[in-house]
Amino acid sequence: EAGVVQSPRYKIIEKKQPVAFWCNPISGHNTLYWYRQNLGQGPELLIRYENEEAVDDSQLPKDRFSAERLKGVDSTLKIQPAELGDSAVYLCASSLDRRTEDIQYFGAGTRLSVL
Amino acid sequence: DAKTTQPPSMDCAEGRAANLPCNHSTISGNEYVYWYRQIHSQGPQYIIHGLKNNETNEMASLIITEDRKSSTLILPHATLRDTAVYYCIVRVNAGNNRKLIWGLGTSLAVNP
């Protein structure tokens with residue numbers, strides 16, 4: 001069974017440029033997460049989807065970040081415009097989210113460098 | 001803020017048991033303890049989780065104290081491939097605010 005697939009693996013852009021990340025979750029997983037992980041830190045949740053609905057986007061910087069999950073499967077995360085402080089690894093995860101017990105499966109992440 | 005406290009680093013000899021401690025003194029009655037690990041340049045990987053009782057699977061064992069204020073992850077026979085950052089996480093269960101709050105983890109080095 002294929003795991004969570006993310007692309008690209010690496011992205012280097014100049015500040016003020018836009019960038020987008022793509023995630024394909026495990027088939028059948030209704031819940032999808034986007035995390036940001038800064039160097040030496042644990043992952044920080046940006047947004048959580050249940051099917052196509054964003055149910056927790058409280059940590060998403062909405063002035064420059066946006067996300068969508070059309071048809072409740074694939075998802076994209078966009079930053080426009082990117083800032084130097086956005087350099088990080090962006091992780092996507094999916095789960096069946098059985099309410100009280102929730103095992104999340106992660107992709108390999110996209111490492112973003114903003115110059 | 002993370003609800004767990006872990007030592008920043010640990011060492012273990014290959015073939016020996018690795019015991020990774022975690023304190024979660026403010027855990028609530030319905031909150032689970034999860035353990036994930038992250039090997040360098042990879043995404044986090046689920047290991048095990050529990051509520052009250054001790055748990056065991058093919059990867060590890062989880063020992064939770066009776067008062068649930070701390071737990072220990074045990075890798076019974078550590079190998080070099082177990083070198084990773086291990087995260088102990090309490091899952092917040094509050095309506096739509098269900099989420100894993102990640103701390104800094106323990107960097108485990110398994111030495112030959």
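Below, read A as the first sequence line, B as the second, and so on, with proteins coming before strands; counting in each chain starts at 1. Small disclaimer: the values here were computed from a predicted structure and weren't measured.
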Would you please test W102(B) and Y35(A) for side-chain contact (heavy atoms from CB on, under 4.5 Å) and show each step? CA-CA 11 Å; W102(B) 301 68; Y35(A) 288 87; 3.6 Å; yes
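- No continuous path of hydrophobic side-chain contacts links W22(A) to L112(A) [ILVMFWY only; heavy atoms under 4.5 Å].
- Taking hydrophobic clusters as Ile, Leu, Val, Met, Phe, Trp and Tyr residues chained together by side-chain heavy-atom distances below 4.5 Å, I79(A) shares a cluster with I47(A).
- Atom CD1 of I47(B) sits about 12.0 Å away from atom CD1 of I103(A), to the nearest 0.5 Å.
- L84(A) and Y10(A) fall into different hydrophobic clusters, where Ile, Leu, Val, Met, Phe, Trp and Tyr side chains are chained together by heavy-atom contacts under 4.5 Å.
- The heavy-atom pair separating S58(A) from K99(B) by the smallest distance is OG-NZ, 4.0 Å.
- Using a distance-only test at 3.5 Å, with no hydrogens or angles considered, a donor-acceptor pair links the side chain of Y36(B) to the main chain of Q104(A).
- Following chains of ILVMFWY side-chain contacts shorter than 4.5 Å, one cannot reach M10(B) starting from V85(B), and the two form parts of different hydrophobic clusters.
- Residue F106(A) holds its CZ atom at 8.0 Å from CD of Q38(B), rounded to the nearest 0.5 Å.
- With a 6.0 Å radius and a threshold of 12 heavy atoms from other residues, nucleotides or ligands, L39(A) has its CG atom at or below the threshold.
- Interface residue Q37(A): only side-chain heavy atoms are found under 4.5 Å from chain B.
- The environment of CD1 in I12(A) is sparse: at most 12 heavy-atom neighbours from other residues, nucleotides or ligands sit within 6.0 Å.
- The two atoms that bring L91(A) and G43(B) nearest to each other are CD2-CA, 4.1 Å, heavy atoms only.
- With a 4.5 Å cut-off on non-hydrogen atoms, E31(B) does not touch chain A at all.
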